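Residue numbers count from 1 along this sequence. No hydrogens, no waters, no symmetry mates; every other heavy atom, side chains included, goes into these values. Because the structure is predicted, anything quoted here is derived from the model rather than measured.
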Amino acid sequence: MAFALVLFTPGTVVLRLLGARGMLALGAAPALSCAFYAVLAPVLAAAGIAWGPATVGAAVLALALVVLGCRRLVRSTRHAGSDAVGPPPWLGTGAVDALLAHRTGVVVALVVGSLVAVVPMAIGMGSPGAPLQQWDAVFHLNGVAFIRETGDASSVDGLYGAGRSVYYPTVWHSMVALVPGDLVAAPADAITSVANASTLVMGSVAWLAGLGAFGAACFPRRPAITVLVVAVGGAFSMFPTVLLSTLAQWPNGLSVMLVPGAAALWVVLLRSAPGQRVVLFVASFAALVGVGSAHGSGVVGLAVIVGPLALAVAGRSVRHAWTTGRRRAVSIVGAAVLVVGGVATLLVLRSSVLQVLFNFERLPQRGYGPSVGRTLLDMVLSPWPGNVVVSLAVVVGAVVLLRTRDQRWLLVSAAAVIVLVALAAGPSTPLRALTGIWYTQAARIEALYPVVAAVLAAVGLAHLGGALSDAAARRSPARLGQLSAQRCAAALVVLALVASLGFQAPGRADRFAQAYDPAQIRWGTMLSTEELALVRDLRSLVPQGALVLGDPHNGAAFAFAMGGRHVVLPQLGTSAMDESQAYLRAHFRDIASDPEVCRHVEELGVTHFYEDRAGASDGAKVDPESPGLRDVDTSEGFTVVARAGTATLWTIEAC
């Protein structure tokens, strides 16, 4: 609940004050909240003000007062006879009223859809404070610990206090750091429990609200579509399961979660009248900033979803301007677009960061055909298609839009996602570089598919519900009132969820267990059950100010986020290592014979050594590139502090 308040509050306040109501205000709010946190964090850091609930709460209040003041100023100028306009009608008054009339259905759909998503995830996690034991999770959990300790949540200083202008998306970390997990969990589980809560919130109510907002923006006059989108949105296995479990990509997962709500704002903007676009553009641009600040790939994902509509609107505008005699203006604007596009392309090609992304090498996973089938049949968590009803509804919805020539741009968006997934998973070709922004990883792109597929499924379910109602009316006209199209669609949703849960719920629970449960973790367990207890007890075993050295792959890095004690190596990656970290990683086992080891130990102030003798054959995660942290002779110069399982915590006295 606390993380949900952090995620929704700033954006909801702004959108409500700007006149947005209903599903749009709820679904788009997280994107605006993230934009607010992304801007606020470096401002507070530059001013020397610590990041925390009190300071951020005061900033939210100030933001509300500013927006309220601007709104009153606009109203006063309009009443004074100015051409200025007030808040736009957003979805349109009639559409909003119709959607509010379906409020009960939306609430029920949110509750049911959230339970469908949350229950398997919670079962797989095992306990609220269990740490996510995957590569990226170590970095992110310790990043939250760093923010809580230093009060610096800026994304431009580099996480972990790089001391230089290095951008890193810290919005997720800053939000988790705002929640005082110590109030609801033991200190050792304060960070992990809030991080896990963020997974549950992002993968359920926040995700479904965004999908509902997108559905409402696409079909503002058909509120039943919004209800159906929310109801079936949790049945897709592409998100949040993979990103937020074994891939442990919280920031990237946050950006994907924000895409549908932000896309809803852009859809409303692209369809708005010219006089209503100022406020809509500000809100839409803020949502874009929020998505990008969560993770840069989210901006490209948003463009993939909304781009077809934007191109269609631009094409119609150009055609209208050309046929009405404004050809010179069209030529000037076209030339300007080409120049800006060329400059942007040049900058992209010269960016060292983007060059690394586009040149990122990943082995092919499967052919194009299997990739397309895997996506369309929702086989991410199962080798066989189990989400049959939802997949069928997606196909029916696509056919309906093709035949009615309504919202056909959605089909282009869905096709674009599927093509990108196939390119990322398929053989190495020049076109595969297009997926570099997602590190050429199909799972990151697959997560975007439900954004469009949920809307297509809702259209399909509505159409099938109408067809069933008509068939029932022909067979028994007296029962027409009992078998309305909406009731038939609702029955199909129940059937879809039941069919989906049979294969997806166990698959989702298993995937989370493979990331949380020490007995089931894939790709190497970092901490066994006994070692988890040892790390949780570090506050009582190790004095304040101690510095622990150990291989982060075997769980030593969790000493910071869970044990409250600093570590020499807080992440599994090696790109940010300094000279001392690299030397100890390679040579610490030579402490008895190499004086350089003691020099680095003393300069850093290392006091303890965490050792785990379990190997890969024992199911443990082992780093073959850290020879100095294994097979250390601890017979002299070390004193045992505690033992648990195959791990031992020593004090270092050899230096």
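For the pair Trp207/Val256, a side-chain contact is recorded, criterion being any heavy-atom separation below 4.5 Å from C-beta on. Side-chain contact between Trp250 and Leu132 is present, with heavy atoms from C-beta onward closer than 4.5 Å. Pro518 has its side chain within reach of Gln133: a pair of non-hydrogen atoms, C-beta onward, lies under 4.5 Å apart. The shortest distance between side-chain heavy atoms of Phe512 and Ile123 does not fall below 4.5 Å. At a threshold of 4.5 Å between non-hydrogen side-chain atoms, the residues Thr375 and Met238 count as touching. With contacts defined as side-chain heavy-atom distances shorter than 4.5 Å, the pair Ile437/Arg444 does not qualify. Contact of the Leu254 side chain with the Cys34 side chain is registered, since non-hydrogen atoms from C-beta on lie closer than 4.5 Å. The side-chain heavy atoms of Val380 and Thr241, taken from C-beta on, include no pair separated by under 4.5 Å.
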Exercise for the section: Could you please spell out the steps behind the side-chain contact (heavy atoms from CB on, under 4.5 Å) verdict for Leu311 and Trp409? Expected result: CA-CA 9 Å; Leu311 291 175; Trp409 63 273; over 6 Å; no
Exercise for the section: Give the C-alpha distance, both sets of side-chain angles, the deciding distance and a yes or no for side-chain contact (heavy atoms from CB on, under 4.5 Å) between Val171 and Met175. Expected result: CA-CA 6 Å; Val171 171; Met175 290 194 294; 4.1 Å; yes
Practice task
I would like to know whether Leu24 and Leu265 meet side-chain contact (heavy atoms from CB on, under 4.5 Å); could you show each step before the answer?
Solution key: CA-CA 8 Å; Leu24 185 65; Leu265 287 177; 4.2 Å; yes
Exercise for the section: Determine, stepwise, if the pair Val300 / Trp438 fulfils side-chain contact (heavy atoms from CB on, under 4.5 Å). Expected result: CA-CA 9 Å; Val300 183; Trp438 293 282; 3.5 Å; yes
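Of the residues listed (Val304, Val299, Val306), the one engaging Leu302 in a side-chain contact (heavy atoms from CB on, under 4.5 Å) is Val306, and it is the only one.
Nearest heavy-atom pair across Val390 and Ala235 is CG2-CB, 4.1 Å. Smallest separation of non-hydrogen atoms from Ser293 and Pro169: O-CB, 3.3 Å. Residues Ser255 and Ser297 approach most closely at OG-OG, 4.3 Å, considering heavy atoms. Of all the heavy atoms in Gly373 and Met379, the pair that sits closest is O-SD, 4.2 Å. Considering all non-hydrogen atoms of both residues, Ala206 and Met202 come closest at CB-CA, 4.1 Å. Shortest non-hydrogen contact noted between Ala248 and Gln134 is CB-CB, 3.7 Å.
Considering CZ of Phe3 and CH2 of Trp172, their distance stands at 7.5 Å, rounded to 0.5 Å. A distance of 8.5 Å separates CG in Leu309 from CG in Leu410, rounded to the nearest 0.5 Å. Within the model, atoms CD1 of Ile191 and CG of Asn196 stand 12.0 Å from one another, a figure rounded to the nearest 0.5 Å. Once rounded to the nearest 0.5 Å, the distance linking CD of Gln504 with CZ of Arg511 reads 12.0 Å. Here the CZ atom belonging to Arg522 is positioned 14.0 Å from the CG atom belonging to Asp517, to the nearest 0.5 angstrom. For the atom pair Ile418 CD1 and Leu376 CG, the distance stands at 4.0 Å (nearest 0.5 Å).
By the 30° and 60° cut-offs, the orientation of the rings of His140 relative to His173 is tilted.
At least one donor-acceptor pair under 3.5 Å links the side chain of Ser33 to the backbone N or O of Gly11. Of the possible donor and acceptor atoms, none in the side chain of Ser500 sits under 3.5 Å from a partner among the backbone N and O of Leu497. Of the possible polar contacts, one joining the Asp551 side chain to the His553 backbone as a donor-acceptor pair under 3.5 Å is found. Checking side-chain atoms of Asp378 against main-chain N and O of Asn387 turns up no donor-acceptor pair under 3.5 Å. Under the 3.5 Å distance criterion, the side-chain polar atoms of Arg432 are matched with a main-chain donor or acceptor of Gly426. Although no hydrogens or angles enter the test, the distance criterion places no donor-acceptor pair under 3.5 Å between the side chain of Arg271 and the main chain of Val313. Between the side chain of Ser413 and the backbone N or O of Ile305, at least one donor-acceptor pair lies under 3.5 Å.
The salt bridge (charged side-chain N to carboxylate O under 4.0 Å, His left out) test applied to Arg630 returns no partner, not counting sequence neighbours. Under the side chain to side chain contact (heavy atoms under 4.5 Å, CB included) criterion, Ala286 pairs with Leu32, not counting sequence neighbours. Under the salt bridge (charged side-chain N to carboxylate O under 4.0 Å, His left out) criterion, Asp623 pairs with Arg585, sequence neighbours left out.
Residue Phe285 places its CZ atom among 12 or fewer non-hydrogen atoms of other residues, nucleotides or ligands, all under 6.0 Å distant.
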